[in-house]
Amino acid sequence: MDDLINLLQWPAMAITLLAAWLVGSEHHRRRKLGFWCFLGSNALWVAWGLHDQAWALIILQLCLVVTNLRGAVRNDDDSKK
């Protein structure tokens, strides 16, 4: 089980990079998908951090959840203009 938890950091990293790429897009749908990818990566990082007791990483990810939710909402607002 420890090996599986340790492997979480690799998809978390890949999804974080994908999310950053998508959020930088000019297309509304790609940006929206990017914020959802960020939220998914936040969950993976928290799971990995809990296992490794990386408390600063967990707090960082929880703060990033707030910023990602804000970005998703603002992205929706921008699409209505």
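Values below: all heavy atoms of this structure, side chains included; hydrogens, waters and symmetry mates excluded.
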Distance (rounded to the nearest 0.5 Å) between Leu44 CG and Ile5 CD1: 10.0 Å

Please report the closest heavy-atom contact between Glu26 and Arg31, naming both atoms and the distance. O-NH1, 3.0 Å

Can you measure from CH2 (Trp48) to CG (Leu7) and round to the nearest 0.5 angstrom? 12.0 Å

Test log, rule side-chain contact (heavy atoms from CB on, under 4.5 Å), inputs Trp55 and Leu50: CA-CA 7 Å; Trp55 307 118; Leu50 286 170; 4.0 Å; yes

Any idea which heavy atoms bring Ala19 and Cys37 closest together, and the distance? CB-CB, 3.6 Å

Closest heavy-atom pair and its distance - Leu22, Gly34: CB-CA, 3.6 Å

To check you understand the geometry: which heavy-atom pair defines the closest contact between Asn75 and Lys32, and what is its length? ND2-N, 3.4 Å

Main chain of Asn6, side chain of Gln9: is a donor-acceptor contact present, judged purely on distance under 3.5 Å? yes

From Leu39 atom CG to Leu64 atom CG, the distance as rounded to the nearest 0.5 Å: 10.0 Å

Is there a continuous path of hydrophobic side-chain contacts, each under 4.5 Å between heavy atoms, that joins Phe38 to Leu18? no

Kindly give the heavy-atom pair with the smallest separation between Ala47 and Leu8, and that separation in Å. CB-CD1, 3.9 Å

Interatomic spacing from CG in Leu62 to OG1 in Thr67 - rounded to 0.5 Å: 11.0 Å

Rounded at 0.5 Å granularity, tell me how far CG in Leu57 sits from CH2 in Trp45. 6.5 Å

Ile15, Trp10: one ILVMFWY side-chain cluster at the under-4.5 Å cut-off? yes

How long is the span from the CG atom in Asn42 to the CG atom in Asn68, to the nearest 0.5 Å? 5.0 Å

Hey, is the main chain of Ser25 close enough, under 3.5 Å, to the side chain of Arg30 for a donor-acceptor pair? no

